[in-house]
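Before any comments, here is the structure.
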Amino acid sequence: MKPRVRFAPSPTGFLHVGSARTALFNWLYARSTGGTFILRVEDTDQERNRPELTQQLLQELDWLGLDWDEGPIYQSEKLERHREVVQAFLENGHAYLCDSENKEVQGTSLLEGMAVRFRMPQDKTISFTDLVRGEVTFNTDDLEDFVIWRSNGTPMFLLANAVDDADMEISHAIRGEDLLSGVPKVLLLLDAMGAEHPVYAHLPLLVNEQRKKLSKRRDDVAVGDYREKGFLPEAMVNYLALLGWGPPDGVEIRSPAEIVKIFNVGDVNKAAAFFDIQKFEHINSSYLRSLSKEDFMQRVEPWIGEEAPWSRENFDPEKFSMMVDLIQEKLRTLSDTPRFVDFLFLEQPDIDEDSWKKTMKDPQVSDSLLAFIADSFEDCEWETEVLKDLVTKAGEKVDLKLGKAQAPLRVAITGRTVGPPLFETMACCMTREEVLKRISAARKSL
RNA sequence: GCCCCGUUCGUCUAGUGGCCUAGGACGCCAGGUUCUCAACCUGGUAACACGGGUUCGAAUCCCGUACGGGGUACCA
């Protein structure tokens, strides 16, 4: 029997990174076992039953490359089936009608304005084997009769969940630990239907620095936010896979396809994991570096177009293309790109205050240094090595090594102390006139 | 409150009774890279929550304590 797993998100208008991780682990399980990955949209809550919310969800999954084999199946379309099960429970005594005061009402058919509660058996032990946590046990005395049907005529989550899992013959339910306490109720529901139990695997939660479940109010939780910050989908998948699971050989950076080969849900660990943006950035920069130039050019497009800090007519694609060779290895995210090249496409460099203060703190020295440099640049060959030699010589006159001597020039030209290799940039992408103009502008500001 | 789950370097993890004076990665720190660094290279720092058992031997098994988290809705 091939495993059948599902990702069953509630459409909230964005994909939460925790949900994305759950989707990923289901996908990994299906792909690594030859199973079927099913997408089911849990939109039983009327407010969430909106097509555009679902659309966004599908797009994010698509962006991550998590393709599904069946679905999307909409839970809201199964209303009749859910009603049928609840009706049967009413008839066979597994559930009862209940009014707005939570009082039991006699009757064996659904009534408008009445909710339905599942009857909890007394002192019954319920245990199951979780693939991640091992044996987990509950006692029904700690559980209450719970609502399975709302008075507005719609099914509750647990009921819909149980019925759909049974009908879709889900073999493995892989989801977040926050759903662990709901399992005994679902198992009871399944038993009442005479359906089989799926195998459960509860993944550790993703937490923030306060060790609390990632929340959308405090934390950056939308996958789309990371996309907009310039993270690559394969880096996102790679990083998410590392939260709660580790490759047996310790090689952390590897493609989704390679992860599929070595993934095992039994190796998932139990403790909550902190979503560490710094490590994510490290992984992203690694993927960025390994991109072919062609691929990089394509992916960076959104960051150098309309959104860029320069006006479109000043942008020069050829210069940019040359700059890519110099900066690709330095980027942590795609959104870092503009600030490494913006000075080429702006009338004036955008001067960073801290950089200016740091390199121009002795205006006398900086001025004479820049004067020497400007003089020697007036009439020289416009080549990387020549420019570098000239700056080295200018530095010697004020008793500074190249490392220090290039700093004021770098800030005058680019506006920042950090950037692409300076001499190459000037030689390949700037004219003598532009460079001299910026040097003199900087000297005037001293 | 009650129920459930968890606890290895700051962080993510390896470790399934001897190979552990606990390994890797990120971060951090130091040095290197005769152009910067937020890039790259090398090195370093740093952890088995605590207390009892079991065992010749425990990070690994059992019990308890502490701490953390999740659940306990006519949300999902």
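To find a chain, count down the sequence lines: A is the first, B the second, and so on, and within it residues start at 1. Fair warning: this is a prediction, and the values are worked out from it, not measured in the lab.
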In whole Å, what separates the C1' atom of rA76(B) from that of rC19(B)?
48 Å

Between rG23(B) and rA47(B) - C1' atom distance, rounded Å:
12 Å

Is any NZ, NE, NH1 or NH2 atom of the basic residue among Arg299(A) and Asp295(A) found under 4.0 Å from an Asp or Glu carboxylate oxygen of the other?
yes

Watson-Crick or G-U wobble partner of rG31(B), both distances under 3.5 Å
rC41(B)

Quick note, Asn102(A) side chain, CB onward, closest among rC74(B), rC2(B), rU36(B) is rC74(B)

Is any side-chain nitrogen or oxygen of Arg175(A) closer than 4.0 Å to OP1 or OP2 of rA76(B)?
no

Does a donor on one side chain and an acceptor on the other come within less than 3.5 Å for Gln59(A) and Gln55(A)?
no

Candidates rA76(B), rC35(B), rC37(B) - which lies nearest the side chain of Lys330(A)
rC37(B)

Phe157(A) or Lys185(A): which one's nearest nucleotide on RNA chain B is closer to the 5' end?
Lys185(A)

Does the structure show a Watson-Crick or G-U wobble partner for rC67(B), both distances under 3.5 Å? Name it, or say none.
rG6(B)

My understanding is that only residues two or more places apart in sequence, or in another chain, count here; which of them pass side chain to side chain contact (heavy atoms under 4.5 Å, CB included) with Arg83(A)?
Leu79(A), Glu80(A), Leu110(A), Trp149(A)

Integer-rounded Å distance: rA76(B) P and Leu57(A) CG:
16 Å

Provide the distance between the two C1' atoms, one in rG24(B) and one in rU45(B), to the nearest whole Å.
15 Å

In whole Å, measure the gap between the P atoms of rU65(B) and rC40(B) for me.
48 Å

Given the P atoms of rG51(B) and rA14(B), what is the spacing between them in whole Å?
25 Å

Output the rounded distance in Å from CG (Asp130(A)) to P (rG70(B)).
18 Å

Nucleotide nearest Lys213(A) when distance is taken to its side chain, options rC5(B), rC35(B), rG71(B):
rG71(B)

Watson-Crick or G-U wobble partner of rA25(B), both distances under 3.5 Å
rU11(B)

Atom CD of Gln278(A) to atom P of rG27(B): distance rounded to whole Å?
7 Å

By nearest-nucleotide position on RNA chain B, the 5'-leaning member of Met114(A) and Pro421(A) is Pro421(A)

Hey, does the side chain of Arg117(A) come within less than 4.0 Å of rC74(B)'s phosphate (OP1/OP2), counting only N and O?
yes

SB check Arg117(A) Glu104(A) (cutoff 4.0 Å)
no

Side chain of Lys212(A) (C-beta onward), nearest among rG69(B), rG70(B), rC74(B):
rG69(B)

Rounded to whole angstrom, note down the C1' distance from rC50(B) over to rG6(B).
16 Å

Counting only Watson-Crick or G-U wobble pairs whose two distances fall under 3.5 Å, which nucleotide matches rA58(B)?
none

Roughly how many Å apart are rA25(B) and rU8(B), using the C1' atom of each and rounding to a whole number?
15 Å

Does Ile126(A) form a side chain to side chain contact (heavy atoms under 4.5 Å, CB included) with Thr140(A)? I'd like the steps, not just the answer.
CA-CA 7 Å; Ile126(A) 298 179; Thr140(A) 52; 3.7 Å; yes

Side chains of Asn284(A) and Tyr226(A): any donor to acceptor distance under 3.5 Å?
no

Nearest-Å distance for atom pair CD/C1', residues Glu144(A) and rG71(B)
12 Å

Do side-chain atoms of Ser335(A) reach the backbone of Gly230(A) as a donor and acceptor pair under 3.5 angstrom?
no

With C1' as the reference atom in both, quote the distance from rG68(B) to rG43(B) in angstrom, rounded to an integer.
35 Å

Is the closest side-chain donor-acceptor distance between Arg150(A) and Thr154(A) under 3.5 Å?
yes

In terms of heavy-atom contacts, Arg432(A) and Phe377(A) come closest through NH1-O, 2.8 Å

Using atom CD of Glu209(A) as one end and atom P of rG27(B) as the other, report the distance to the nearest whole Å.
17 Å

B/S/- contact track for nucleotides 6-15 of chain B, protein heavy atom under 4.0 Å
SS---SBSS-

Separation of atom CG in Asp142(A) from atom P in rC3(B), rounded to whole Å:
6 Å

